[in-house]
Amino acid sequence: MAFAILTDVTRCVGCRACATACKEINGLPAGEDDSLNASTWTFVDHREGLNVRRQCMHCLEPTCASVCPVAALEKRPEGPVIYHEDRCMGCRYCMFACPFQVPKYEWSKALPRVKKCIMCYSLRVSKGEAPACTSACPAGATVFGEREALIAEARQRLRDNPGRYVDHVYGLDEAGGTSVLYLSSVPFASLGLPSALENQAYPQLTWQVLSKIPNIVATGGVLMLGLWWISNRRDRIARGELTDDHDEGEAR
């Protein structure tokens with residue numbers, strides 16, 4: 001069963017209980033941060049008078065995992081995108097590939113690793129429990145559950161309160177869909193969420209380009225051969241080795 005997190009920014013009171021719970025369960029340094037970094041995997045942003053929880057979006061088909069040459073990042077059937085630290089070679093391809101700019105690097109350490117939210121997979125979700133962040137939320141602004149059920153709940157809220165929300169569930173289709181969904185009363189771009197993403201999974205887009213490479217190479221080869229023939233013919237005519245009449249005779 002695939003799980004997800006639904007965050008309704010209209011319900012968030014900005015208490016930061018989610019961020020505190022994340023740091024505690026993952027043994028991260030305490031303290032407030034205003035951005036994701038190696039020691040802060042979720043934080044509460046403030047945009048347009050609203051409180052917006054930030055974290056890894058846990059894409060259904062994560063680009064970070066698709067570009068990792070050593071499979072250090074893995075999408076689990078339950079929903080989380082987890083990280084195998086022992087496999088990581090520090091190439092940071094995942095950082096460049098992520099459409100949400102989530103993975104962060106431990107620049108201050110001698111043996112740095114990539115860090116991000118793993119949705120409490122090993123400590124809670126794999127055991128059938130909700131992540132610490134959603135369990136700590138006192139206002140029900142961020143909830144955990146089966147993805148399809150959360151999508152149905154989000155759509156019901158949109159139907160019941162058409163004037164309260166932007167008529168869209170963010171994460172339903174963005175980047176091919178994510179395991180973290182958002183509802184908002186203002187445009188998602190105003191909340192700092194990327195708004196120009198493809199609705200197709202990015203690894204699929206990459207494969208579509210790569211799959212055309214053999215045809216491109218073949219077509220390019222024919223083109224280059226044609227250019228070589230034209231250039232060679234002109235050189236031979238210039239040296240007097242070939243005339244137009246002779247060339248026509250050869251063609252016949």
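Note that this is a predicted model, so its numbers are computed, not measured.
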Checklist entry - So does Asp33 pair up with Lys23, basic N to acidic O under 4.0 Å? => result yes

Checklist entry - Taking Glu106 for the side chain and Arg113 for the main chain, is one N or O donor matched with an acceptor at less than 3.5 Å? => result yes

Checklist entry - Stepwise, does the side-chain hydrogen bond (donor to acceptor under 3.5 Å, both in side chains) test hold for Arg164 with Thr10? => result CA-CA 8 Å; Arg164 182 174 186 175; Thr10 70; 3.2 Å; yes

Item to check | Gly177 backbone acceptor or donor facing Glu174 side chain under 3.5 Å | outcome: no

Checklist entry - Hey, does the side chain of Asp173 reach the backbone of Gly176 with a donor-acceptor pair shorter than 3.5 angstrom? => result no

Checklist outcome for this item: So salt bridge (charged side-chain N to carboxylate O under 4.0 Å, His left out) across residues 81-105, not counting sequence neighbours, yields Glu85-Lys115

Item to check | Test side-chain hydrogen bond (donor to acceptor under 3.5 Å, both in side chains) applied to Glu78 and Tyr121, step by step | outcome: CA-CA 9 Å; Glu78 299 92 334; Tyr121 177 72; 3.3 Å; yes

Item to check | Heavy-atom check, side chain of Pro187 versus side chain of Ser195, under 4.5 Å | outcome: no

Checklist entry - Does Ser39 reach the main-chain N or O of Leu28 with its side chain, forming a donor-acceptor pair under 3.5 Å? => result no

Next on the checklist: For the backbone of Val186 and the side chain of Ser190, can you confirm whether one donor and one acceptor N or O come within less than 3.5 Å of each other?
Outcome noted: no

Next on the checklist: Quick one: does any side-chain atom of Tyr202 pair with a main-chain N or O of Pro99 as donor and acceptor, under 3.5 Å?
Outcome noted: no

Next on the checklist: Under a 3.5 Å distance rule, please check whether His46 uses its side chain to pair with a backbone N or O of Asn51 as donor and acceptor.
Outcome noted: no

Checklist entry - Is a side-chain N or O of Tyr182 found less than 3.5 angstrom from the main chain of Arg53, in a donor-acceptor match? => result yes

Next on the checklist: Tell me if a side-chain donor or acceptor on Ser135 pairs with a main-chain N or O of Pro131 at a distance below 3.5 Å.
Outcome noted: yes

Next on the checklist: I'd like to know whether the aromatic ring centres of Phe3 and Phe144 sit less than 6.0 Å apart in this structure.
Outcome noted: yes

Checklist entry - Is any side-chain heavy atom of Glu61 closer than 4.5 Å to a side-chain heavy atom of Ser66? => result no

Item to check | Chi angles and distances behind the side-chain hydrogen bond (donor to acceptor under 3.5 Å, both in side chains) call for Arg157, Tyr165 | outcome: CA-CA 8 Å; Arg157 294 185 194 181; Tyr165 298 105; 4.6 Å; no

Item to check | Note, Leu191 side chain near Tyr170 side chain (heavy atom, < 4.5 Å) | outcome: no

Checklist entry - Do you reckon Leu150 sits in the same ILVMFWY cluster as Leu172, going by side-chain contacts under 4.5 Å, direct or chained? => result yes

